[in-house]
Structures are given as C-alpha cells and as structure tokens.
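Okay, so here's the structure we're looking at.
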Amino acid sequence: MSKDKEMNPFKIVQEQFDSNAEKCGLSQPTREFLREAEREIRVRIPVEMDNGNTRTFTGFRVQHSTARGPAKGGLRFAADETIDMVRGLAMMMTWKCAVVNIPLGGGKGGVICNPRELSDRETEKLCRGWVRKVYDFVGPEMDVPAPDVATNPQDMLWIMDEYDTIARSRKPGFVTGKAVGVGGSLGRMEATGFGAIYCVREALKRMNINFKDATLSIQGAGNVASYALRKFSEYGGKVVAISCWDANDKKAYTYSCEDGINPEDLFAPGTLDKFGTIDQKKAESFGWKQEDADAWLTKPVTVLMPAALGSAVHGDNVNEIDFNNVKIYAEAANTPTTPAADKVIKEKNIYLIPDFLCNAGGVTVSYFEQVQNNMNYYWPKDEVLQKLEKIMIDAFNDVADLAEKENFYPRDAAYVIAVKRVAHAVESRGWVKSS
Ligand code: NAD
C-alpha cells in the first residue's frame with residue numbers, strides 16, 4: 001500500500017487548513033489556535049457483555065471549535081478508530097458548519113469497537129457508558145453528538161436518555177439524529193444525500209448540462225449514497241453504479257446497470273441491510289452486474305461521487321477515472337480523496353464539490369432538529385427539505401462565485417469562506433488577537 005493511502009484525516013485536513021491560512025489572511029496567533037482542537041477527551045468504558053465478562057472500550061470526544069456555537073459532530077463506532085481520525089473529522093466539522101453558515105462549532109467522537117459483534121443490549125450499555133464518561137464536557141450548549149459511522153437513531157435515544165437521567169431534566173437538544181416522534185426531525189435521513197445532489201444540480205446548471213443527460217456513479221450504498229441515488233433519479237438523471245462492502249465475502253463490490261439503478265429496487269425490503277450492504281441475490285434479480293470494488297471509479301459518467309470511505313481515491317487509483325467524460329467530482333464522504341489524488345483531479349480541471357460543502361446537508365438538518373427541540377414544535381418534511389435546499393444552494397453559490405472570481409480551486413474557496421468566519425468569531429470574542 002502506498003504511503004498516500006495511509007494518510008490519516010487529521011493530517012489531510014490540517015494540511016488543507018495550513019495551505020489556505022495564507023489566502024485567508026490569518027494572523028499567526030489565530031492560525032496557531034485554529035490548527036488544533038480546543039479540547040480532547042479520552043475515556044475508558046467498561047461494559048458487562050452478554051456472556052458475563054466485562055470488556056473495556058476506549059472512546060474519544062474531540063471539540064475542535066466552539067467559537068461560533070456548541071461543538072457539533074457525530075459519534076462513530078469502528079474497530080480501527082483512532083484519535084487522529086476523530087481529530088481530523090472534528091476539525092472538518094468546524095469548517096462544515098461555517099461554510100453553510102449555521103451557528104455551530106465542530107466536534108467528533110469515536111469508540112474503538114466492532115459494532116457488528118455487539119448485541120443490542122451491549123450497544124445500549126456502550127452508548128450509556130460513553131455519556132457517563134463525557135457528561136461533564138458535553139451538553140446542548142456545549143457539545144452536541146449525532147449518529148455517524150455505525151451509530152443510528154436508536155443509539156442516539158439511549159444517549160439522550162442517559163443524559164436526561166444524569167441531568168434529572170429533559171434535554172432533547174443534547175443529541176441529534178434521534179428517531180422521529182422522540183425529538184428527531186423529519187428529513188434527517190434524506191438530508192446528506194439530498195444536500196449533495198442539490199449541489200450537483202447547481203454545478204450542472206453552471207456547466208449548462210441538462211440533468212436528463214447526466215449520469216452518476218457512486219461509491220457506497222449506505223445512508224448518503226442511497227438518498228443521493230434517489231434524488232438524482234428523481235431529477236431525471238441515471239445512476240449507473242453503486243458499491244458496497246460485503247461482510248460475508250470480506251470484500252467490496254460495485255453493482256452496475258447501464259439502464260440506471262431503480263431507486264425502488266434499492267429501497268425494496270431485503271436489498272440493503274442496516275450497514276448498507278447489498279444482498280447479492282436481490283442484485284442479480286434486478287439485473288445488476290457485479291463488478292470489482294473500484295469499478296465505480298472507472299465509469300464514463302458525468303458525475304462521480306465517493307460516498308463511503310475516507311481516502312477511497314488515492315494516488316494509486318485516481319488515474320482510473322475517465323477524465324474524458326467525468327465533469328463533476330462530488331465528495332459526499334468525508335476526506336474521500338488523498339492529497340496525491342486531489343492534485344490530479346485539480347490538474348484535470350474536473351469540477352470539484354468539496355466534502356465539507358457537499359455533505360453538509362446532514363449537519364444542517366441536525367441544526368434544524370435542535371431548533372425544533374428548543375421550540376418543541378416540529379416542521380413537516382417539505383418545510384425541512386425546503387429550508388435545507390436554500391442553505392445548500394446559497395453555500396454552493398458562495399463557494400462557486402468566489403472560486404470563479406479569484407480563480408481558486410473550489411476546495412480552497414470553501415476553506416477561505418469557512419475559516420474566515422471562524423477566525424472572525426475567535427478574534428471578536430477576544431480569544432486571539434487579530435494581529
Ligand atoms: P453508512 O454506514 O450508512 O454506509 C457506508 C457505505 O459504505 C455502506 O454501503 C458500506 O457497505 C460502504 N462501504 C464500506 N466500505 C466500502 C468499500 N471498501 N468499498 C465500497 N463501499 C464500502 O454511512 P453513511 O452515513 O452513508 O456515510 C458515508 C460517508 O459519508 C462517510 O464518510 C460519512 O462520514 C460521510 N457522511 C455521512 C453523513 C450522514 O449524514 N450520514 C454526513 C456527513 C458525512
């Protein structure tokens with residue numbers, strides 16, 4: 001494996017920040033302050049397992065910034081979780097909330113565990129144990145977790161319930177991504193995938209490409225990918241490939257269909273499990289062709305969308321992209337592109353929609369969830385999605401306009417907008433002098 005593939009998200013995000021600090025005109029003290037997290041917490045969580053043995057899990061919470069509002073970001077359960085992964089993603093959350101201009105900071109949490117090996121009961125104990133350990137440092141006005149890789153609305157309800165139990169009060173705004181009817185917002189499931197496609201639609205408009213002529217290939221078949229597929233198809237485009245990790249075969253596959261994957265097939269009962277794995281027999285029955293893991297990347301489509309993994313596109317596979325046909329590269333996953341691959345994409349002049357803009361729909365609706373919790377009044381789904389669409393379109397156009405005006409790569413334009421907003425908050429509060 002090349003060194004490039006092994007780059008951790010913290011290094012990637014910190015390097016991106018460093019390379020844009022100059023363009024943002026940051027003072028040295030502000031730059032120094034923002035390149036690391038405000039607070040990092042490491043906890044050990046003992047859990048009595050179903051077999052009666054106790055296992056101790058290691059967890060993290062990193063609060064990169066609280067300058068514009070409470071830290072905001074998911075809680076991940078992953079066997080290969082590291083503090084650097086959490087640091088990088090926390091920093092990215094700061095820029096994500098800032099680029100869509102919502103009044104929140106950036107945070108992230110993680111627990112080192114294999115979620116597939118945990119029973120529901122063990123997962124509940126782990127969620128509650130995590131809250132007990134981080135309780136003093138989180139809360140609706142300080143740091144608000146949400147679902148992320150391998151955590152779900154049920155986990156968030158256990159987390160909320162444990163927080164309420166300790167606080168002896170009702171604080172539904174402590175955590176977002178809760179189930180609808182128990183403090184959750186309608187539209188949260190759709191938010192990230194739909195938000196990414198709102199950006200793609202605006203980019204296609206700028207390139208004078210008719211949606212009906214557009215094709216899409218996606219890495220992933222989970223929450224983000226499946227709703228991106230649904231929205232893209234609804235607008236009249238054709239999704240020709242998706243991919244997933246198959247835990248039985250312990251490898252990834254691409255599933256393709258030249259006539260377009262029908263969203264009704266993807267969302268039919270039994271096609272996807274809760275981890276976003278496609279059932280092979282179902283795929284065969286729909287006529288989808290099973291191909292290699294990276295086949296999604298090679299398709300001659302209008303839009304390529306990595307929506308599964310960090311560092312999915314790297315120095316060794318970036319040249320498999322069909323640069324004659326692909327017009328837009330929309331990063332729906334977090335840090336899906338290593339710096340070496342990013343350099344190639346930039347040189348080839350493909351239109352990039354950077355990750356912290358492209359996938360900001362999720363955190364935007366999480367913010368709406370908090371607002372609704374505070375009002376104790378809930379909007380219909382249409383209203384949530386309309387509000388989301390407006391925020392995504394405005395943010396996309398701010399970034400695209402700046403990129404055009406200053407001849408910036410769109411990732412750099414997004415950084416300049418986001419970092420300047422956060423620096424303004426940090427300096428206005430008097431935390432750091434502006435010069
Ligand atoms: P998910 O767990 O629902 O789905 C992940 C998908 O990736 C699954 O289909 C899985 O099979 C697939 N996958 C895993 N390894 C793979 C591999 N090697 N090759 C191909 N596919 C593989 O996750 P999600 O919520 O859809 O998130 C996807 C990405 O988007 C992650 O990077 C996440 O951090 C990011 N993201 C998600 C949200 C959100 O609201 N869900 C918001 C912002 C960013």
Side-chain angles (χ1 to χ4, degrees), residues 8-10 36-64 66 70-91 93 106-179 182-184 245 247 273-275 310 366:
N8 70 51
F10 184 48
E36 286 191 29
E38 285 173 22
R39 183 188 273 154
E40 296 183 354
I41 303 152
R42 176 185 179 277
V43 293
R44 298 274 288 154
I45 312 157
V47 172
E48 190 190 334
M49 308 300 279
D50 293 346
N51 64 7
N53 293 339
T54 297
R55 270 188 67 189
T56 301
F57 296 89
T58 299
F60 310 106
R61 187 72 188 169
V62 173
Q63 295 160 355
H64 173 260
T66 57
K72 182 85 193 84
L75 172 65
R76 301 155 41 91
F77 284 174
D80 56 356
E81 192 63 298
T82 63
I83 183 70
D84 267 358
M85 178 76 83
V86 180
R87 279 181 182 136
L89 294 170
M91 191 176 193
M93 286 306 298
K108 200 66 127 188
V111 176
I112 305 171
C113 66
N114 185 344
R116 287 176 192 265
E117 286 172 1
L118 298 176
S119 68
D120 284 354
R121 190 94 190 87
E122 291 164 346
T123 306
E124 177 178 352
K125 287 181 186 171
L126 187 56
C127 289
R128 289 183 184 276
W130 184 81
V131 175
R132 288 197 294 273
K133 295 291 178 176
V134 299
Y135 180 83
D136 286 340
F137 307 100
V138 297
E141 278 115 35
M142 216 175 342
D143 182 359
V144 181
D148 206 296
V149 170
T151 54
N152 57 40
Q154 172 61 73
D155 301 334
M156 297 307 114
L157 289 180
W158 288 323
I159 284 175
M160 177 187 81
D161 187 69
E162 191 65 24
Y163 190 89
D164 282 2
T165 304
I166 300 170
R168 298 182 76 77
S169 136
R170 290 202 163 264
K171 304 273 184 201
F174 160 56
V175 61
T176 61
K178 301 178 293 293
V182 206
W245 176 256
D273 72 7
K274 68 172 183 173
F275 298 105
S366 291

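Since the structure is predicted, the reported quantities are computational estimates derived from the model, not experimental observations.
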Q: Search all heavy atoms of T82 against all heavy atoms of F60 and return the closest pair with its distance.
A: C-CE1, 4.0 Å
**Q.** Gap between atom CD of E40 and atom CD1 of I83 - 0.5 Å precision
**A.** 4.5 Å
Q.
Please give me the minimum heavy-atom distance between A71 and G106, naming the atom from each residue.
A. CB-O, 3.7 Å
**Q.** Spacing of CG belonging to D155 relative to CE belonging to M160, to within rounding of 0.5 Å
**A.** 13.0 Å
**Q.** Partner residues of Y135 under the ring-ring contact (aromatic ring centres under 6.0 Å, His included) criterion, sequence neighbours left out
**A.** Y163
Q: Looking only at non-hydrogen atoms, find the nearest pair between P147 and T176 and report the distance.
A: CD-O, 3.2 Å
**Q.** A150 versus P115, closest heavy-atom pair with distance
**A.** CB-CG, 3.5 Å
Q) Considering only heavy atoms from C-beta outward, does the side chain of F174 approach that of I159 to under 4.5 Å? A) yes
**Q.** Pair K108-D148, side-chain contact (heavy atoms from CB on, under 4.5 Å): steps then yes or no
**A.** CA-CA 9 Å; K108 200 66 127 188; D148 206 296; 2.6 Å; yes
Q: Over all heavy atoms of both residues, which pair between L157 and A179 is shortest? Give the atoms and the distance, please.
A: CD1-CB, 3.8 Å
Q.
Between M93 and H64, does the side-chain contact (heavy atoms from CB on, under 4.5 Å) criterion hold? Intermediate values first, please.
A. CA-CA 8 Å; M93 286 306 298; H64 173 260; over 6 Å; no
Q: Look at K125 together with E122 and state whether they make a salt bridge at an N to O cut-off of under 4.0 Å.
A: no
Q.
Set out, in order, the CA-CA distance, both residues' side-chain angles and the distance that settles side-chain contact (heavy atoms from CB on, under 4.5 Å) for W158 and E162, then state yes or no.
A. CA-CA 6 Å; W158 288 323; E162 191 65 24; over 6 Å; no
Q) Do V111 and E81 pass the side-chain contact (heavy atoms from CB on, under 4.5 Å) test, and can you show the C-alpha distance, the side-chain angles, and the key distance before you say yes or no? A) CA-CA 7 Å; V111 176; E81 192 63 298; over 6 Å; no
Mind listing the side-chain donor-acceptor pairs of residues 43-56 below 3.5 Å, one per line with the distance, residues two or more places apart or on another chain?
{"residue": "R44", "atom": "NH1", "partner": "T58", "partner atom": "OG1", "Å": "2.8"}
{"residue": "D50", "atom": "OD2", "partner": "S119", "partner atom": "OG", "Å": "2.6"}
{"residue": "N51", "atom": "OD1", "partner": "N53", "partner atom": "N", "Å": "2.9"}

Q.
Closer than 3.5 angstrom, by distance alone: can the side chain of D164 be matched with the main-chain N or O of R170 as a donor-acceptor pair?
A. no
Q | Donor-acceptor pair, side chain of Q63 and main chain of F137, under 3.5 angstrom | A | yes
Q) Quick one: does NZ or CZ of R116 land under 6.0 Å from the six-membered ring centre of F275, within 45 degrees of the ring axis? A) yes
Q) Between P70 and P140, which heavy-atom pair has the shortest distance, and what is it? A) CG-O, 3.6 Å
Q: Nearest 0.5 Å please: distance from the CD atom of Q154 over to the CG atom of D120.
A: 7.5 Å
Q | Interatomic distance, N152 atom CG to F77 atom CZ [nearest 0.5 angstrom] | A | 9.0 Å
**Q.** Spatial distance of atom CZ (R39) from atom CE (M142) [nearest 0.5 Å]
**A.** 6.5 Å
Q: Output yes when a side-chain donor or acceptor of K72 lies under 3.5 Å from a complementary backbone atom of V144, and no otherwise.
A: yes
Q: Kindly indicate whether the side chain of L89, heavy atoms from C-beta on, has any atom under 4.5 Å from the side chain of R76.
A: yes
(Q) When you measure from the side chain of T151 to the backbone of L75, do you find a donor-acceptor pair of N or O atoms at a distance under 3.5 Å? (A) yes
